[in-house]
Protein chains: 2
Amino acid sequence: MASKVSTPGSESSSVQDYVKTIYALSEWHDEPVTSSRLAARLSVANSSVSEMIRKLAELGLVNHTPYRPVELTADGRRLALAMVRRHRLIETFLVRDLDYRWDEVHDEAELLEHTVSDTFIDRLDARLGFPSVDPHGDPIPTAAGAITLPDALPLDSFDDGHSGRVTRISDEDPQLLRFLAAEDIGIGSPVEVLGRTPFGGPLRARVGTGTGARDFSFGKELTGAIWVESVGRHAGCSLVP
Amino acid sequence: MASKVSTPGSESSSVQDYVKTIYALSEWHDEPVTSSRLAARLSVANSSVSEMIRKLAELGLVNHTPYRPVELTADGRRLALAMVRRHRLIETFLVRDLDYRWDEVHDEAELLEHTVSDTFIDRLDARLGFPSVDPHGDPIPTAAGAITLPDALPLDSFDDGHSGRVTRISDEDPQLLRFLAAEDIGIGSPVEVLGRTPFGGPLRARVGTGTGARDFSFGKELTGAIWVESVGRHAGCSLVP
DNA sequence: TCCGAAGTTTCGGCATACCGAAAATATAGC
DNA sequence: GCTATATTTTCGGTATGCCGAAACTTCGGA
């Protein structure tokens with residue numbers, strides 16, 4: 001029994017936002033999605049989240065027992081991925097065709113994703129050559145709702161001595177993106193973990209290749225936001241699954 | 001005392017829509033803008049219009065005495081032109097870059113115009129090469145709010161024997177646009193009025209040049225929707241100012 | 001086991017924007 | 001000038017989505 005909810009349509013912009021945010025909170029980390037995390041991310045009061053979750057459950061988009069975390073149903077996930085697809089295609093378009101910087105696109109896409117039609121998205125997709133990732137390295141779901149997460153981990157989960165390539169950078173904080181752009185660190189940059197300073201100090205790594213290579217100290221915020229794919233063997237990871 | 005309302009921002013999407021529609025109803029014809037005309041154009045109940053007009057008056061966007069037609073203030077006109085600019089630039093983009101047909105763009109633009117940022121509009125404008133008209137021949141206001149209406153009149157106001165060039169076609173009815181596209185009549189097409197059939201019958205005109213020229217019968221709907229600029233001397237007009 | 005802190009839900013209220021029905025006004029015809 | 005008709009406004013009422021305050025659950029520590 002395939003559902004109609006493969007494409008946003010009847011759902012309000014708010015419903016779309018909540019569902020997309022529930023997905024986003026569990027896309028890269030699998031901590032439970034609680035009311036308060038949602039409230040913080042959406043900048044609304046806890047009570048608003050509570051009410052909306054009840055509504056989402058009635059719509060069959062989430063499963064929820066009171067006082068417990070919320071989880072997307074298959075329908076909810078389909079809707080979320082449709083919204084993520086919209087968001088990431090729009091971001092890609094803004095950077096490629098309208099000369100937006102990668103730290104500027106998030107807010108604009110956030111608004112547009114609720115407004116454009118399926119036709120618009122399909123034509124944009126074609127015009128951009130069916131891209132598989134957006135400017136931050138986030139994978140773009142297909143029209144059918146399939147998504148392939150890159151085989152990457154946050155920089156802070158790599159052991160000393162291991163090398164890789166930057167695959168994704170969280171777009172949550174525009175300032176962080178601006179900083180990295182200024183430092184010429186972006187998707188595709190090679191990195192090699194040199195070591196860490198004890199007691200929560202920065203992680204030192206070698207960035208770039210050849211003459212462009214240099215040492216760099218990554219603070220907490222950065223090592224969590226920068227995701228790296230191992231080069232060569234698939235070792236070098238110390239994260240518990 | 002220049003107002004801040006040169007760019008949409010604080011106004012709700014509804015307010016923007018009402019103000020733009022008030023402008024649109026008086027852009028090409030100067031009949032008074034009444035509640036019922038607004039209600040029909042916006043597909044809402046008369047009572048909703050009445051309430052919104054009071055609000056617009058409070059916001060200083062319209063002048064209104066009860067039971068009389070409504071008129072835009074200078075601020076209202078500025079806001080309306082900003083919205084019209086958005087709408088027409090988006091339409092131009094959809095046709096030029098996303099292969100929309102000219103009959104498909106209106107509804108999409110109607111939604112997007114409320115959502116995109118000023119930055120988006122400015123970059124779009126630059127990318128499109130600062131176009132002066134949209135795909136239907138409607139003039140695009142400048143960022144400063146200036147607009148130049150073409151020196152055109154509806155086809156039905158031309159005397160027999162006069163020639164001109166199609167300058168604008170009202171985009172109100174997508175089916176009409178589709179029909180004209182199929183008949184290969186569009187912006188720039190040369191026309192010469194041959195005569196009219198009595199008792200409200202069609203207007204006969206010669207369309208196109210050289211071997212592509214042919215006679216065509218234009219019904220009421222068409223002669224009101226097709227706007228023509230005189231070629232050569234500025235005669236041939238029988239419309240009362 | 002029980003208590004308190006932290007997190008979640010319920011409740012009454014607010015703002016926007018819509019509606020239909022009823023009341024108020026304008027205008028055209030006589 | 002006066003009334004009938006058409007138009008406009010006012011008046012309750014609805015739906016969505018937000019809020020803060022109060023009530024309620026959960027869960028860890030003593």
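Every chain is numbered from 1 and lettered A, B, ... according to where its sequence line falls, protein lines coming before strand lines.
The separation between A:L38 atom CG and D:dC18 atom C1' is 16 Å, rounded to whole Å. We find that CD of A:Q16 is positioned 15 Å from P of D:dT16, with the value rounded to whole Å. The distance from atom CD of B:E58 to atom P of C:dT16 is 10 Å, rounded to the nearest whole Å. We find that CG of B:D17 is positioned 14 Å from C1' of C:dT16, with the value rounded to whole Å.
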Identify each donor-acceptor pair in which a side-chain atom of residues 57-73 of chain A lies under 3.5 Å from a protein atom, sequence neighbours left out, and give them as a table.
| unit_1 | atom_1 | unit_2 | atom_2 | d |
| --- | --- | --- | --- | --- |
| A:H64 | NE2 | A:R68 | O | 3.1 |
| A:T73 | OG1 | A:G60 | O | 2.7 |
| A:T73 | OG1 | A:L61 | O | 3.1 |
| A:T73 | OG1 | A:D75 | N | 3.4 |
| A:T73 | OG1 | A:G76 | N | 3.0 |

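By the side-chain contact (heavy atoms from CB on, under 4.5 Å) test, B:A126 pairs with B:F130, sequence neighbours left out. Residues forming a side-chain contact (heavy atoms from CB on, under 4.5 Å) with A:R127 (at least two apart in sequence, or on another chain): A:D97, B:D97, B:L98, B:R127. Residues satisfying the side-chain hydrogen bond (donor to acceptor under 3.5 Å, both in side chains) criterion with B:S36, sequence neighbours excluded, are B:T34.
Within the 4.5 Å cutoff, the side chain of A:E27 has heavy atoms near those of the A:I147 side chain.
Here B:Y18 reaches the OP1 or OP2 of C:dC18: one of its side-chain N or O atoms lies under 4.0 Å away.
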Can you give me the N/O atom pairs linking the protein to nucleotides 8-13 of chain C at distances under 3.5 Å, or say none if there are none?
| unit_1 | atom_1 | unit_2 | atom_2 | d |
| --- | --- | --- | --- | --- |
| C:dT8 | OP2 | A:S36 | N | 3.0 |
| C:dT8 | OP2 | A:S36 | OG | 2.4 |
| C:dT8 | O3' | A:Y67 | N | 3.4 |
| C:dT9 | OP1 | A:H64 | NE2 | 3.0 |
| C:dT9 | OP1 | A:Y67 | N | 3.1 |
| C:dT9 | OP2 | A:S35 | OG | 2.9 |
| C:dT9 | OP2 | A:S50 | OG | 2.8 |
| C:dT9 | O5' | A:S50 | OG | 3.0 |
| C:dC11 | N4 | A:E51 | OE2 | 3.0 |

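Every pair passing salt bridge (charged side-chain N to carboxylate O under 4.0 Å, His left out) that includes a residue from residues 39-55 of chain A is listed here, sequence neighbours excluded: A:R41-A:E172.
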